[in-house]
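Ligands are counted one by one from 1 in listed order, and the atoms in each one are counted from 1 as well. Atoms considered below: every heavy atom in the structure, side chains included; atoms not considered: hydrogens, waters and symmetry mates.
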Amino acid sequence: MGSNQRRQILIDRMQELDKSGLNCRDCQGTCCTYEANSMMVTPVEAFELYSFLKNQGQFDQELKTRLEETVRTYRLDQSLGNGKKSFLRRTYTCPFFNHKELGCPLPVEVKPFGCLAFNAHHEKEKAGEFCFSEKETLEKREEAFAAAEALENENLKKKYSLYWDKIPLPVALLDFFKFTDADQE
Ligand code: SF4
Ligand code: SF4
């Protein structure tokens, strides 16, 4: 299944809101910072972003350092004391955020589902109570692709030895650095 196809419902809704004047222009991107962002992703979302970054030549040491810094700064993982870690939903400034208006450099085709569903719902008032994630739109997307995606997630978990279903974006991407040399995709 194409990354575009599984996101189309969310992209259509975003464009619909934009036509009504509801968009992210003139906003500094509060929802991508520690003030509001706690994005978690599934294996499918992480893999699509990993593949994109790798193709762009951006899955490199600089990114790794940035991801590690984010995990450390916002304590997105927690040691369980036996060499294992658990991963927590906590707010963090996204390592991809450019700290300016329309500050996400990622194309819609590989953005996490939650990022696409989180939109402005007021023409002038940005952030705060007027920006939110539309649960119905996310559910509609999920229902449409549930069976196929469940299988894809399971296959990716096996292939890449991923022991999680949904974790913070920076932690998920770091897992793919294990495969940068050996990956045949
Ligand atoms: S992926 Fe993009 S839209 Fe999502 S939190 Fe990060 S910078 Fe923001
Ligand atoms: S969803 Fe809201 S907080 Fe996020 S960039 Fe758009 S206007 Fe700003």
| query | Can Thr93 and Tyr74 be counted as having a side-chain donor-acceptor contact under 3.5 angstrom? | reply | yes

| query | Between Arg7 and Phe113, is there a donor-acceptor pair closer than 3.5 Å when you use the side chain of the first and the backbone of the second? | reply | no

| Arg6 and its side-chain hydrogen bond (donor to acceptor under 3.5 Å, both in side chains) partner, picked from Glu45, Glu109, Glu152 | Glu152

| query | So which heavy atom in the protein is nearest atom 2 (Fe) of ligand 1, and how far is it from that ligand atom? | reply | Cys104 SG, 2.3 Å

| request: Carefully, step by step, assess Phe176 and Leu162 under the rule side chain to side chain contact (heavy atoms under 4.5 Å, CB included). | output: CA-CA 9 Å; Phe176 284 92; Leu162 308 174; 4.0 Å; yes

| query | Which of the atoms of ligand 1 are close to Leu106, meaning less than 4.0 Å from one of its heavy atoms? | reply | 1 (S)

| So does Cys115 have any N/O/S atom less than 2.8 Å away from atom 4 (Fe) of ligand 1? | yes

| query | Does Cys32 put an N, O or S atom under 2.8 Å from atom 8 (Fe) of ligand 1? | reply | yes

| What atoms of ligand 1 come closer than 4.0 angstrom to any heavy atom of Asn37? | 5 (S)

| field | Reported CZ-to-CD distance for the pair Phe145 and Gln8, which is rounded to 0.5 angstrom | value | 8.5 Å

| query | Please state which protein non-hydrogen atom is closest to atom 3 (S) of ligand 2 and give its distance, to 0.1 Å? | reply | Cys31 N, 3.6 Å

| What residue and heavy atom of the protein are closest to atom 6 (Fe) of ligand 2, and at what distance? | Cys24 SG, 2.3 Å

| task | Could you find the nearest protein heavy atom to atom 8 (Fe) of ligand 2 and give me its residue, atom name and distance? | result | Cys27 SG, 2.3 Å

| query | What is the ring orientation for Tyr50 with Tyr160, classed by angle as parallel under 30°, tilted 30 to 60°, or perpendicular over 60°? | reply | perpendicular

